[in-house]
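These notes concern the structure reproduced below.
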Amino acid sequence: MTRPTFTLDGVAISFDEGQTIIEAARKAGVFIPFLCAHPEFPAHGSCRVCTVLVNGRAMASCTTKAADGQVVESNTAALTRDRQALVQMLFVEGNHFCPGCEKSGACTLQSLGKDLAVTSAGFAHESPTRPVDASHPDILLDFNRCILCELCVRASSDVDKKDVFALSGRGLDKHLIVNAESGRLADTGMATTDKAMSVCPVGVILWKRRGFADPIGKRPHDVESPRQRVEGKGKTS
Amino acid sequence: MRADSPGVRSTSDILDAHRGDPTRLVQILRDAQRECGNWLPARVITEIAAGLGLPRARVEGVAGFYAFLHLSPVGRFRVLVSDNITDQFAGSREVAGALCRRLGVKRGRVRSDGRVSVDFTSCTGLCDQAPAILVNGQAVPRVTGMRLDAVVRCIEANLPLEEWPQDLLRVDDGVRQAGPVLSATLAPGEALKKMLHEPAERVLAVLEGSKLRGRGGAGFSVATKWNTCRLAPNDCVVVCNADEGEPGTFKDRLLLMRHADHVFEGMTIAARFTGATAGFVYLRGEYEFLAPHLREVLHQRRAAKLLGTSIAGERGFDFDIDVHLGAGAYVCGEETALLESLEGKRGVPRHKPPFPVTHGYLGRPTVVNNVETFADAAWLFANGLDAWGALGTPQSSGTKLLSVAGDVERPGIYEVPWGTTLREVLTLAGAERTKAVQVGGPSAELVPPSMFDRRLAFEDLPCAGAIAVFNDSRDLLDVVVNYAHFFAHESCGFCTPCRVGTHVATRSLDKLRRGQGSQSELNELNTLTRLLRDTSHCGLGATAPNGWRHYLDRFQDDLQRRLSVEFQPAFDVEKALAAARVARGDEP
Amino acid sequence: MTAKVRVATTSLAGCFGCHMSFLDIDERILPLLDKVTFDRSPLTDLKHAGPCDVGLVEGGVCNEDNLHVLREFRKQCKVLVAVGACAINGGLPAQRNQFDVGDLLRHVYFEEPGLTRRVVPDDPELPALFDKVRPIHELVKVDYFLPGCPPPADAFWAFLSDLLEGRDPRLPPGAIRYD
Ligand SMILES: Cc1cc2nc3c(=O)[nH]c(=O)nc-3n(C[C@H](O)[C@H](O)[C@H](O)COP(=O)(O)O)c2cc1C
Ligand code: SF4
Ligand code: SF4
Ligand code: SF4
């Protein structure tokens, strides 16, 4: 029996029943931009940068199941503009200063921005005030860079069974909180060995005293960007 | 506050009253807040979390989601002024100003003695009795003149709400034109008994024959929804969507006030048909004042064996209805966000599919319908297909309740058959020199006079209930700006386009209104229109641009007069320099 | 011979790092000079820009004077380019945005050790600070952005080459950097 297939920008992609469009594309080595998706966790569908046209209708490819005969478009000028705008929105919503960020060169947001040729934030900056939490002996939380993808929430809950993180507020005031009456990370059960320590796509959950270890040119995404990783074209592969 | 007011319930009393059930978290937080002087101290959150066995952060996150739950102190009298545009045109801004001045409090702050705080809130569903306020959740309509004096007096006298003059708290029915549905007086159980012994196929045939469609907005077929639920495995749930959050809509308020029996009857019919055992009314927090009445009617229906076990003597027909209150979140009108809230969570819309008809409340198949849909269903079964079929148009059967407000002689509720033109409605309500009508609320259509002959019908001009009328003395940018701020305030924040985009739009529109908007702002708004429509996770984000989109498309003359030729800064330059000038001593 | 393209550059709240990076185009500056004349720039030391084809702005807007210069630049330049992280999102100077500027001034002039006169200087020569450091696109219309801290020399080169050839400037993949 032949496997079911859909076309992605004209290329036939075969998939297994139950796979989402982005999963099937990734397996086939085709990159669809993403931020909040993570292969080890169920789809979240909040960043919306993986939006594609499915039979002409805009849908998030991380939450839409692949179906036989679907016609999917991803690499269109209009979708690229939408994705650029979404990345720009994430930039202006927080405080992102890449030159001074420990995550620079390993950051999914930064890499996606470059991949989409985003050259400016476009919109006016919010410049929110978001104090960092340095209470934990080994971990720093810099909320200025949070894109609210909930990966840490999900990792801490589903894998670590600790529920260190949750979201509060709504709208533009939506923000990450930690599981302590004091509001301080030091008073939660967070440990550096937690899964939640390693899932943040941006520079929020950081090891203290470990920043800027790799020189420019040798950082993870300098070696292999998220796109190269999917396409199998990284310098290492 | 708890220490010096003996007899108030402790957190554990409250948890017990809710059987320690985490799905009742929103109700628990509401109750706890009332006991704690209108806010939720950190310690109480910790206690509730421990009592329910939930992570503390999750409880805090739920509390942080709802506008009517507070994690920092508000006044013991928490005054919220309805900020819908029709309230604004009726003087809500002046009311807020007067209240602040006379009570000696800054808007958004708590008076130093902790007595009172004053702030704005989204539409309270009292546009026909504007300007309206909520005091600790209790609606107070028409707060001008002597009524405003009375509010101030009651607060200064520290009078408990129960002792406020009843006249001050009375909400009028507001019925201006009753049609068949509003004039009907069904005896409790009358409609139910007509279908009780009918086989499901016959009931389905009536529903299908009636072409009854949902009244909450999308106009989905009731027959299909109920039948899908009926055929799904597992125990079904029937939910009445009484969130009525769309600004300018207040017709469900009337149905719940005056025809609650009809609504419950419709829900019970749905339960009979689908085999549901549990029912909920999700009542918007703004309508808290209706809750005692609804509970009383439910109580009477239980006594009359129309709810509970063996309903109407039928063994195995068990169904009951519980009233859940929302807490200030428009998005909870979206059916999956509503279900999340009903389960005690943040009101974030779910991914669809699966749809509630197969996976709804706690994963069970769930019928969610608007208040009016259930009332119509009861009417349909009481009066039969032929009577129903005589009303409306081929694709939009029956009548529609309209909430008419704004610049009209006679604001209030009108029941009209589907197919009535907008112009006819305007004439009925006494609208003159009308410049534009927002039909269906901010998420729907801004209609110019050239389109007044369109018919209210799913196939032409759909309308979930709101008819907000603006005459030629009004600035439509005030309207559009108000709507944009509404969506930014109500965005749940889940997805990027809506969370950030609705806010960015308010900035551009604010600039336009100040006469500082240029082509750059128009470009930005057009980008946002497309982005929100195509990439939002739910209907809130997808429809948020409608107000400005229709304004930009349909009111070109108005727009052109407002455009600035030159690009203007994104912020007020002088204001941005003020702090430093003060520090230098250049300015006081 | 066609008229040369007039280019002006300026630095607002920036560190001149972007200017230095521009000069890193090295010997390529010679063919560039065949096509370009510099108006106001550190190379010419002119105080005010005249009418120009292209204006390159480094640095964000931190005070009144920055705004004044930026507005003048915008008026004079047909094409305005925001160059570098600071012009594009405020950059390093914008790290102060999380503090109240009044508190900052008082802290610096009242509480820091070694100051005898505890006053915030109020000399008309000293421009007043904005509450926040802003990227230039929030104050004037910007036509192009060259990101990076600083943008690599190749980005300047590719950008100006495109512009001079009349193409819509497009940065080669490696030339888009945020740090
Ligand atoms: C943001 C948003 C708010 C909504 N608010 C309401 C509401 O207040 N009342 C309502 O009945 N439906 C509301 N709906 C529609 C519901 O999701 C759902 O379609 C409706 O309750 C189904 O009932 P019906 O078929 O009887 O109309 C809303 C939808 C969205 C997207
Ligand atoms: S989190 Fe990423 S995008 Fe944000 S400042 Fe750090 S590197 Fe840049
Ligand atoms: S801290 Fe990181 S992982 Fe957690 S929500 Fe924010 S961006 Fe996502
Ligand atoms: S569109 Fe997105 S952010 Fe807006 S209310 Fe819906 S889910 Fe929430």
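Residue numbers begin at 1 in each chain, while the letters A, B, ... track the order of the sequences.
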Within the 4.5 Å heavy-atom criterion, are Lys141(C) and Gln519(B) side-chain neighbours or not? no

To the closest 0.5 Å, what do you measure between CG (Leu577(B)) and CG (Leu67(C))? 8.0 Å

Can you tell whether the side chains of Arg74(C) and Glu566(B) come within less than 4.0 Å, N to carboxylate O? no

Is the count of non-hydrogen atoms from other residues, nucleotides or ligands lying under 6.0 Å from Arg170(C) atom CZ greater than 12? no

Neighbour count above 12 (heavy atom, 6.0 Å) for Tyr109(C) OH: no

Contacting moiety of Asp123(C), where chain B heavy atoms sit under 4.5 Å: backbone

Who among Ala576(B), Pro569(B), Ala570(B) has the most heavy-atom pairs with chain C under 4.5 Å? Ala576(B)

Check Ala579(B) against Val101(C) and note the closest heavy-atom contact, atom names and distance. CB-CG1, 3.6 Å

Which of the residues Ala580(B), Ala578(B), Ser518(B) is involved in the greatest number of heavy-atom pairs with chain C at under 4.5 angstrom? Ala580(B)

Can you confirm whether His107(C) is buried at NE2, in the sense that more than 12 heavy atoms of other residues, nucleotides or ligands lie under 6.0 Å from that atom? yes

Supply the atom-to-atom distance Phe567(B) CZ to His137(C) NE2, rounded to the nearest 0.5 angstrom. 7.5 Å

Region of Pro127(C) that comes under 4.5 Å of a non-hydrogen atom in chain B: backbone

Spatial distance of atom CZ (Phe571(B)) from atom CD (Glu138(C)) [nearest 0.5 Å]: 6.5 Å

Atom of Gly102(C), atom of Ala583(B) and distance for their closest heavy-atom approach: CA-CB, 4.0 Å

What's the shortest heavy-atom distance between Arg584(B) and Pro121(C), and which atoms? CG-O, 3.5 Å

When heavy-atom pairs shorter than 4.5 Å are enumerated against chain B, which of Val140(C), Asp122(C), Val61(C) gives the highest number? Asp122(C)

Check each atom of Leu139(C) against the heavy atoms of chain B and say whether the ones under 4.5 Å are side chain, backbone, both or neither. both

